[in-house]
Peer 1: 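Encoded as structure tokens, here's the structure I'll be asking about.
We name chains A, B, ... by the order of the sequence lines, and we start the count at 1 in each one.
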Protein chains: 2
Amino acid sequence: MTASAARPDTRPSPRKRAGNGAAPRDIAGDVGLDALVGHAGYAVRRFQIWIFQDFIRTLGDVDIRPTQYSVLTVIGANPGLSQMAVAKRLGIERARLVHLLDSLEQRKLVKRIKSKADRRSHALHLTAPGETALAKFKRLAAEHERNVEAKIGKENRAHLLRILAGFT
Amino acid sequence: MTASAARPDTRPSPRKRAGNGAAPRDIAGDVGLDALVGHAGYAVRRFQIWIFQDFIRTLGDVDIRPTQYSVLTVIGANPGLSQMAVAKRLGIERARLVHLLDSLEQRKLVKRIKSKADRRSHALHLTAPGETALAKFKRLAAEHERNVEAKIGKENRAHLLRILAGFT
DNA sequence: AAAGATTGTTGTTGACGACAACAATTGTCA
DNA sequence: TGACAATTGTTGTCGTCAACAACAATCTTT
């Protein structure tokens, strides 16, 4: 959880002292991050870890991970897409998508249909149970989204989405 | 470093076309995300991928990855910390930190000193070249941070850091 | 038809998180 | 004091994931 709530910038000077190996400090209690605070990447990484764990936990009963959810969502919204198109849209490699689809196809959620137009490619579709399952996943995903709101605040979440809109 | 040639990242605009369930799909160029837009986790994941790649690229000449940089920064700011304390502070496992420190110690950037107080633990310090190297890393990290500003805007970055301050 | 590009697939590599087990050491408590 | 539990660093395994490389089948271009 990493409490560390109120911590103004007033840190007692990073006291550098070499030589002896004895420097007992509060274990995990008050370790200064100093330069690390203020790095966007670090904050985003920690936040992403939290948000993914909450997603996995909230969708734990249906055993759907964030990447699987994104694949299902894109296919559901755009039936007939090729694997290449899905991979390009989601920013994942087509080699990676192969395994993702293998798993989803084994679970009878999606199906690969050999395209008549281009016999190299597969047209991706949701199965009938896949459609109803996705509807349930979306309800759980909305619940996860409410968890995010509860964590950082409703308006902060909205603002964050606006800031990062260019990356979706 | 590969740097992802040609950067297919050139997305004209978020272009939300939500609402209707009908999905007019263009083959590869314009795939609707629909429900995926509006998920904080997706936006954060894409942003984090971008930010890490930029960090790795900007610090490419010195061959320092984000996790390594965070370890060096914490040790530099708190000399004498134990491995357990560093791991707990950064949210990484102590088993993982072992390999990270092995690498950094091989490069003569940090050193493990057997603690006199607790002979189980190691007191972590930067070496002399480690100190000067970290100074250079920090300059490059600041350059990376300016790239983030250029990408999302100065005030947006500041606001984002404020929103996510609780996760650092 | 020949050459080149694309699509799906398989495989490898390396970073990373989650666990489990272990020796050495320290802390605790009867 | 001595037995027992907890901690620290280490090693190892397993699974996820991104980045590449190579390949056969199939377009596309010339």
Side-chain angles (χ1 to χ4, degrees), chain A residues 21-22 24-25 27-28 45-46 48-50 52-53 55-57 60 63-71 80-103 105 110-124, chain B residues 1-8 27-29 45-46 48-53 55-57 59-60 63-71 80-105 110-124:
Chain A
R25 207 159 310 216
I27 301 301
R45 168 179 166 260
R46 297 295 293 251
Q48 207 234 321
I49 290 174
W50 181 90
F52 264 53
Q53 283 178 344
F55 188 99
I56 294 172
R57 188 178 53 77
D63 191 30
I64 287 290
R65 321 203 66 239
T67 310
Q68 295 174 314
Y69 178 77
S70 68
V71 170
L81 279 186
S82 70
Q83 297 186 195
M84 193 63 201
V86 172
K88 203 171 280 181
R89 186 60 189 89
L90 290 177
I92 58 186
E93 276 182 280
R94 59 191 204 278
R96 167 106 189 92
L97 188 59
V98 171
H99 301 296
L100 285 168
L101 289 175
D102 285 348
S103 163
E105 200 170 26
V110 305
K111 55 188 166 189
R112 292 187 246 220
I113 300 179
K114 277 181 287 192
S115 170
K116 298 292 183 183
D118 187 340
R119 277 153 51 212
R120 295 172 300 181
S121 67
H122 293 160
L124 302 176
Chain B
M1 215 83 34
T2 63
S4 71
R7 164 159 309 204
I27 296 307
R45 168 179 165 260
R46 298 295 293 252
Q48 208 235 314
I49 290 173
W50 182 90
I51 216 171
F52 263 53
Q53 283 178 345
F55 188 99
I56 294 171
R57 188 179 53 77
L59 294 245
D63 191 31
I64 287 291
R65 319 199 78 244
T67 310
Q68 296 174 314
Y69 178 76
S70 69
V71 170
L81 279 187
S82 70
Q83 297 185 193
M84 192 63 201
V86 171
K88 204 169 280 185
R89 187 59 187 94
L90 290 178
I92 59 187
E93 274 183 282
R94 59 191 205 279
R96 168 101 189 96
L97 188 59
V98 171
H99 301 296
L100 286 168
L101 288 176
D102 284 349
S103 164
L104 294 175
E105 200 170 28
V110 305
K111 55 189 167 188
R112 293 186 244 221
I113 300 180
K114 278 181 288 192
S115 170
K116 298 293 185 185
D118 187 339
R119 280 154 50 212
R120 295 171 302 181
S121 68
H122 292 159
L124 302 176

Peer 1: In whole angstrom, what separates L100(A)'s CG from dC17(D)'s P?
Peer 2: 7 Å
Peer 1: Looking at R46(A) and G91(B), what are the two nearest heavy atoms and their distance?
Peer 2: NH1-N, 3.8 Å
Peer 1: Going by salt bridge (Lys or Arg N to Asp or Glu O under 4.0 Å), name the residues that satisfy it together with R57(A), two or more places apart in sequence or in a different chain.
Peer 2: D54(A)
Peer 1: What does nucleotides 19-24 of chain C look like as a protein-contact string, B for base, S for sugar-phosphate only, - for none, at under 4.0 angstrom between heavy atoms?
Peer 2: B----B
Peer 1: Please evaluate residues V86(A) and L81(A) with respect to the criterion side chain to side chain contact (heavy atoms under 4.5 Å, CB included), reporting the C-alpha separation (whole Å), side-chain torsions for both, the decisive distance (0.1 Å), and the verdict.
Peer 2: CA-CA 7 Å; V86(A) 172; L81(A) 279 186; 3.8 Å; yes
Peer 1: What distance do R45(A) atom CZ and Q48(B) atom CD have between them, rounded to the nearest 0.5 Å?
Peer 2: 8.0 Å
Peer 1: Is Q68(B) touching bases, backbone alone, or none of the nucleic acid, heavy atoms closer than 4.0 Å?
Peer 2: nothing
Peer 1: Measure the spacing between CG of D63(B) and CD1 of I56(B) and express it to the nearest 0.5 Å.
Peer 2: 10.0 Å
Peer 1: When the distance from NE2 of H122(B) to C1' of dT10(D) is rounded to whole Å, what number comes out?
Peer 2: 10 Å
Peer 1: Would you kindly give the CD1-to-C1' distance between I49(A) and dC17(D), to the nearest whole Å?
Peer 2: 14 Å
Peer 1: Does dA18(D) have its OP1 or OP2 closer than 4.0 Å to a side-chain nitrogen or oxygen of Q48(B)?
Peer 2: no
Peer 1: Looking at residues at least two apart in the chain, or sitting in another chain, which of them share a salt bridge (Lys or Arg N to Asp or Glu O under 4.0 Å) with R65(A)?
Peer 2: none
Peer 1: When you check the phosphate oxygens OP1 and OP2 of dC16(C), does a side-chain N or O of T67(B) lie under 4.0 Å from one of them?
Peer 2: yes
Peer 1: Could you state the interatomic distance from OG1 (T67(A)) to CZ (R96(A)), rounded to the nearest 0.5 Å?
Peer 2: 6.0 Å
Peer 1: At what angle, to 10 degrees, do the two end axes of the helix from dA1(C)-dT30(D) to dA30(C)-dT1(D) meet, given five pairs define each axis?
Peer 2: 20°
Peer 1: Partners of R112(B) by side-chain hydrogen bond (donor to acceptor under 3.5 Å, both in side chains), sequence neighbours excluded?
Peer 2: Q83(B), D102(B), E105(B)
Peer 1: Atom CD1 of I56(A) and atom C1' of dG17(C): how far apart are they, to the nearest Å?
Peer 2: 11 Å
Peer 1: R120(A): what forms a side-chain hydrogen bond (donor to acceptor under 3.5 Å, both in side chains) with it, not counting sequence neighbours?
Peer 2: D118(A)
Peer 1: For the pair made of CG in L90(B) and C1' in dA18(C), what is the distance, rounded to whole Å?
Peer 2: 17 Å
Peer 1: For dT10(D) and Q83(B) - does any side-chain N or O of the residue sit under 4.0 Å from the phosphate oxygens OP1/OP2?
Peer 2: yes
Peer 1: Provide, to the nearest angstrom, the distance between the CZ atom belonging to F52(B) and the C1' atom belonging to dG14(C).
Peer 2: 16 Å
Peer 1: If I take atom CG in residue L124(B) and atom C1' in nucleotide dT8(D), what distance separates them, rounded to the nearest angstrom?
Peer 2: 12 Å
Peer 1: Between I92(A) and D118(A), which is nearer to the 5' end of DNA chain D once each is assigned its nearest nucleotide?
Peer 2: I92(A)
Peer 1: Hey, which sits more toward the 5' end of DNA chain C by its nearest nucleotide, L101(A) or G91(B)?
Peer 2: L101(A)
Peer 1: From dA15(C), dT9(C), dA18(D), pick the nucleotide closest to the side chain of R112(A)?
Peer 2: dT9(C)
Peer 1: What is the minimum heavy-atom distance between S70(A) and L90(A), and which atoms define it?
Peer 2: OG-CD1, 3.6 Å
Peer 1: Using whole Å, what does the distance between atom C1' of nucleotide dG15(D) and atom NE2 of H99(A) come to?
Peer 2: 13 Å
